[in-house]
Amino acid sequence: MAFSAKVQDVFSIPGKGTALWLTEVRGEPVEGEGLKTEIGEAVVLATGEPGIRDRSCLTGSKIPPYGAILTDLPMPDAGDLYDTTVQSTEQSS
């Protein structure tokens, strides 16, 4: 399954890259995978631990899957990705 997610926050990790905090995640991001974004293509450098999470909130309602990835996107341009969708460059079969 191809990976896609909505960007909820973007921040720089000096000396490492640009982190994207994601919600509404579909699929699993993979290190080395290419991403399409509204500011150009990027590479997933690392995924957050323990990966994509799916849980219920205090009310018992399901929360859409969420997590974080580290990318090679340039800051401050990556800040423009707030509330946009990113997706893998590979097409699903």
Side-chain angles (χ1 to χ4, degrees):
M1 170 183 234
F3 163 72
S4 69
K6 187 174 183 179
V7 178
Q8 286 299 300
D9 199 5
V10 179
F11 53 94
S12 177
I13 300 178
K16 302 221 182 235
T18 299
L20 304 180
W21 181 254
L22 307 169
T23 62
E24 300 176 30
V25 177
R26 294 191 175 136
E28 283 282 336
V30 177
E31 288 183 25
E33 180 176 31
L35 292 178
K36 287 189 252 181
T37 77
E38 289 194 5
I39 63 166
E41 292 194 1
V43 173
V44 176
L45 302 176
T47 59
E49 292 297 328
I52 301 304
R53 296 172 288 288
D54 184 9
R55 63 181 177 88
S56 295
C57 71
L58 294 175
T59 66
S61 298
K62 208 68 163 146
I63 294 174
Y66 65 96
I69 58 174
L70 184 66
T71 70
D72 64 347
L73 288 165
M75 282 298 279
D77 297 343
D80 293 339
L81 294 176
Y82 175 74
D83 211 26
T84 66
T85 299
V86 296
Q87 60 187 2
S88 59
T89 55
E90 298 177 12
Q91 299 296 320
S92 60
S93 309

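Computed over heavy atoms, backbone and side chain alike; hydrogens, waters and symmetry mates excluded.
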Seminar exercise, completed: Between Ser88 and Glu33 the two heavy atoms that sit nearest each other are CB-OE2, 2.9 Å
Let me check something: any side-chain donor-acceptor pairs from residues 6-22 under 3.5 Å, sequence neighbours excluded? List them with distances.
from, atom 1, to, atom 2, distance (Å)
Lys6, NZ, Asp83, OD1, 3.1
Thr18, OG1, Leu73, O, 2.6

For this session: Treating Ile, Leu, Val, Met, Phe, Trp and Tyr as nodes and any side-chain heavy-atom pair under 4.5 angstrom as an edge, say whether Met75 and Leu35 lie in one connected cluster.
Result: yes
Problem set entry | Exam field: side chain Ser4 to backbone Gln87, donor-acceptor pair closer than 3.5 Å | no
For this session: Work out which heavy atom in Gly67 is nearest to a heavy atom in Ile52; give both atom names and the distance.
Result: CA-CD1, 4.1 Å
Exercise. Among pairs that include at least one residue of residues 65-78, which meet side-chain hydrogen bond (donor to acceptor under 3.5 Å, both in side chains), considering only residues two or more places apart or in two chains?
Worked result: Arg55-Tyr66
Problem set entry | Rounded distance [0.5 Å steps], CD in Glu24 versus OG1 in Thr85 | 7.5 Å
Distance-only donor-acceptor pairs under 3.5 Å for side chains of residues 37-47, two or more places apart:
from, atom 1, to, atom 2, distance (Å)
Thr37, OG1, Ile39, N, 3.1
Thr37, OG1, Gly40, N, 3.2
Thr37, OG1, Gly40, O, 2.5

